[in-house]
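As structure tokens, the structure follows; a few thoughts come after it.
Residue numbers start from 1 in every chain, and the chains themselves are labelled A, B, ... in the order their sequence lines are given, proteins ahead of strands.
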Amino acid sequence: MVARASELFLPTLREPPADAEAASHKLLVRGGFIRQVGAGLWTFLPLGWRVHQKIVQIIREEMDAIGDQEVLCPVLTPAELWELSGRIDIPEVFKLKDRNGRAFVLPLSHEETMTFHAREIQSYKQLPQRWYHFSTKERDEPRPRAGLLRVREFIMKDAYSFDRDAAGLDESFQLHERAYKAIFERCGLEAYEVEAESGIMGGRESWDYLAPAESGENELVRCENGDYAADIEAAEGIPRPPESPPVLGAPEEVETPDVTTIEALAELLKIDTAATSKAMPVVVGERVVLALVRGDDRLSEEKLTTILGSAFRPATDGEIRSTFAAGGGSLGPVGVEVDVIADNALKDGQFVAGANRDGWHLRGVEAGRDYEPRFADIRQTNAGDRCPKCGGRLIAETAIELGHIFKLGTFYSEPFGATYLDEDGQEKLLVMGSYGIGPARTMAAIIEQHHDDKGIQWPASVAPYDVHVVVIPGMEEHAQSVADALSAAGLDVLVDDRDARAGEKFADADLIGCPLRVTVGRKAAEDGTVDLRERAKGEDNAVSVGELVSRVREKLG
RNA sequence: CGGGGCGUAGCUCAGCCUGGUUAGAGUGCUGCCUUUGGGAGGCAGAAGUCGCGAGUUCGAAUCUCGCCGCCCCGACCA
């Protein structure tokens, strides 16, 4: 088909909106793809919706390819369903009432509704079932931000699997992993499957799909050799060995006046920060626990929460004084009454630790000899760490969460009574999984990974049009026949037939970012050639009009 | 929810501190002329309840109070 720029609603802007920071946010607005309606609320304009639909179609094809069945659930959902699952209490859930006072929920995903329908499954002979839909989700986000990256209303593809048992779930899970890999590859995205943080919920297995991007909200850690990737909260890097001072037979007190930071301590004693330890007193319920990590490490709150099995908070100054008889900068594990959880990095060797006496530290503190901790991985991985698989260098980069897949088990089927009759005549609970992808976030991530200072560089698979034809004034008829020829070959063509100067059209073409640009200028009349340019490469090549279609086909691959 | 910032023309902003004619610029938009391969130039023009509401004042975009909206950092993110 051929779209005419002169007729399209394609409001491009010379300048980005003042409040935009992320590249995808700026370029989507400048390029006339989207417009903001309110915080976290966006309208997709014609071009933006075309891209969104292309991504949706890719997802649909890959879901269909693994045998998932497309359905559509309503957005407005009776609150009773959410009372059954208990999710009604999640603060981000939008709630409303109808004129008769009946309570409804605007869902942030559709586990309840899908499980409601799964109650119609009666026999193992009907299993497995895997259903998906594209539907609008609502989330009362505390802070929407960065264009399409974090919004309050968005379309999500969410799929749900229903199996007889854990083995069946594993199979469904693997199918979706395969589909997700194919989806992101077709979208031209570099994305990594990583084990998601389990945090306070624990137990249930879940995986995130992270795309490295400048404006992400997650932090991805991956090995330079490509054999390891994880969310920084879950990553298990190997810390560098410390430069240890001489070993001592017993801890030795050393006066450290006014030293309350690791940097100051290392400076004063002329030692490596990695040869020190850092004590963080936290409170779990009523109990004070001392978390101990190496001086150059950061405590991972996620990991500590998992180890403790419940949420914690930092101890107050008062609690620290009454428990340790010293201030926060002078704490250590030796001689304390409370439980000590030490990071694995402190297992071997000797470290300088606080003496629990203001202005004093202890040299040569050794775990096992001088204190008895519980060891665990509670440090946050650093960019300088080594890969746990191959010892390679770890890279840390911000990333966008594109998708999330969960092994739900019977979390929903149990309260909903979603059961089936097995071969042995036993009534059993359906074992569920859920699998989400946000097409709009995917769209933003594609831009984050494919742009330059002039604009977007869409991969051909998701570009709003295959070819952008720039009409040099006076060449309208030549351009029309070029566009018709491309269209007849099944390509989607955007013709810039506006009454505007060439430079302006070029600038807009770069901004909008279709993969190929054809400039129809004077040469079309003189020697029958037009200029073909790949957006990502940026150089013109003269092509005869007769060869154009085949050359374009070739370039689009 | 805590901290910070912003709200004046479609967009980007100045003016506000120190109140005083018809509220400005750039860009965009409309018309005409010139120009026409990387956002060219000229002339003429349209366009703003100065976020909303109260108050102070002879007089408020400007000062005070309240509210609303938006952005950023943090908290939060089954």
Pairwise C1' distance for B:C33 and B:A40, with rounding to whole Å: 14 Å
Nearest-Å distance once atom C1' is located in both B:G48 and B:A23: 9 Å
Watson-Crick/G-U partner (both atom distances under 3.5 Å) of B:G2: B:C73
Sugar-phosphate, base or nothing in reach of A:Pro16, heavy atoms under 4.0 Å: sugar-phosphate
Whole-Å C1' distance, B:C43 and B:C68: 43 Å
Sugar-phosphate, base or nothing in reach of A:Ala18, heavy atoms under 4.0 Å: sugar-phosphate
Test: A:Lys95 and A:Asp140 ion pair at under 4.0 Å: no
Ring center gap for A:Phe33 and A:Trp49 short of 6.0 angstrom: no
Pair partner, B:U30 [Watson-Crick or wobble, under 3.5 Å]: B:A44
Touch class at under 4.0 angstrom, heavy-atom based, for A:Arg35 against every strand present: nothing
Whole angstrom value for the distance that separates C1' of B:G37 from CD of A:Glu526: 12 Å
Contact under 4.0 Å: A:Arg501 side-chain N or O vs B:A40 OP1/OP2: yes
Polar-atom pairs under 3.5 Å, protein N or O versus N or O of nucleotides 24-27 of chain B: list them with distances, or write none.
unit_1 : atom_1 : unit_2  : atom_2 : d
B:U27  : O3'    : A:Arg14 : NH1    : 3.0

Sugar-phosphate only, base, or nothing, as touched by A:Ser85 at under 4.0 Å among non-hydrogen atoms: nothing
Presence of salt bridge, A:Asp296 and A:Lys278, under 4.0 angstrom: no
Spacing of A:Glu539 atom CD relative to B:G38 atom P, expressed in whole Å: 17 Å
Residue closer to the 5' end of RNA chain B, A:Gln36 versus A:Glu504 (nearest nucleotide): A:Glu504
Touch class at under 4.0 angstrom, heavy-atom based, for A:Gly38 against every strand present: sugar-phosphate
Separation of atom CZ in A:Arg152 from atom P in B:C77, rounded to whole Å: 19 Å
Pairwise P distance, B:G39 and B:C71 [rounded to whole Å]: 34 Å
Any strand: nucleotide that pairs with B:C52 via Watson-Crick or wobble, under 3.5 Å: B:G66
Check: B:G38 base within 3.5 Å donor-acceptor of A:Arg533 side chain: yes
Within 6.0 angstrom of A:Arg298 CZ, more than 12 heavy atoms from elsewhere: no
Atom pair distance, as rounded to whole Å: CZ in A:Phe506 and C1' in B:G39: 12 Å
Sugar-phosphate, base or nothing in reach of A:Asp531, heavy atoms under 4.0 Å: base
Parallel, tilted or perpendicular: ring planes of A:Phe173 versus A:Tyr435, cut at 30 and 60 degrees: tilted
Pairing partner of B:U35 (Watson-Crick or G-U wobble, both distances under 3.5 Å): none
Sugar-phosphate only, base, or nothing, as touched by A:Glu141 at under 4.0 Å among non-hydrogen atoms: nothing
Minimum-distance nucleotide to A:Ala507 side chain [options: B:G37, B:G39, B:C76]: B:G39
Touch class at under 4.0 angstrom, heavy-atom based, for A:Ala146 against every strand present: sugar-phosphate
Salt-bridge present (A:Glu21, A:Arg145; N to O < 4.0 Å): no
Under 3.5 Å on both distances, the Watson-Crick or G-U partner of B:C17: none
Same-atom distance (P) from B:U8 to B:G51, integer angstrom: 6 Å
Check: A:Glu80/A:Trp82 side-chain N/O donor and acceptor closer than 3.5 Å: no
Between B:G26 and B:G20 - C1' atom distance, rounded Å: 28 Å
Any strand: nucleotide that pairs with B:U22 via Watson-Crick or wobble, under 3.5 Å: none
No-H, no-angle donor-acceptor pair, A:Arg517 side chain to B:G38 base, under 3.5 Å: yes
Residue-phosphate contact under 4.0 Å: A:Arg143 side-chain N/O, B:C72 OP1/OP2: yes
Watson-Crick or G-U counterpart of B:A60, or none if no pair lies under 3.5 Å: none
Side-chain donor/acceptor of A:Arg150 to base of B:C77, under 3.5 Å: yes
C1'-based separation of B:U57 from B:A61 [nearest Å]: 16 Å
Gap between atoms CD and P, on A:Glu92 and B:C1 respectively (whole Å): 14 Å
Ring-ring centroid check A:Tyr209 A:Tyr192, cutoff 6.0 Å: no
Check: A:Trp42 ring centroid to A:His25 ring centroid under 6.0 Å: yes
Distance in angstrom units between A:Arg498 CZ and B:G28 C1', rounded: 13 Å
Nearest-Å distance once atom C1' is located in both B:G69 and B:C77: 24 Å
Short N-O contact, A:Glu190 and A:Arg222, less than 4.0 angstrom: yes
Protein-nucleotide distance (A:Asp527, atom CG; B:G37, atom C1'), rounded to Å: 14 Å
Heavy atoms from other residues, nucleotides or ligands near CZ of A:Arg119 exceed 12 (cutoff 6.0 Å): yes
Sugar-phosphate, base or nothing in reach of A:Pro17, heavy atoms under 4.0 Å: sugar-phosphate
Gap between atoms CE and C1', on A:Met475 and B:U36 respectively (whole Å): 11 Å
5'-most by nearest nucleotide on RNA chain B - A:Pro473 or A:Pro144: A:Pro473
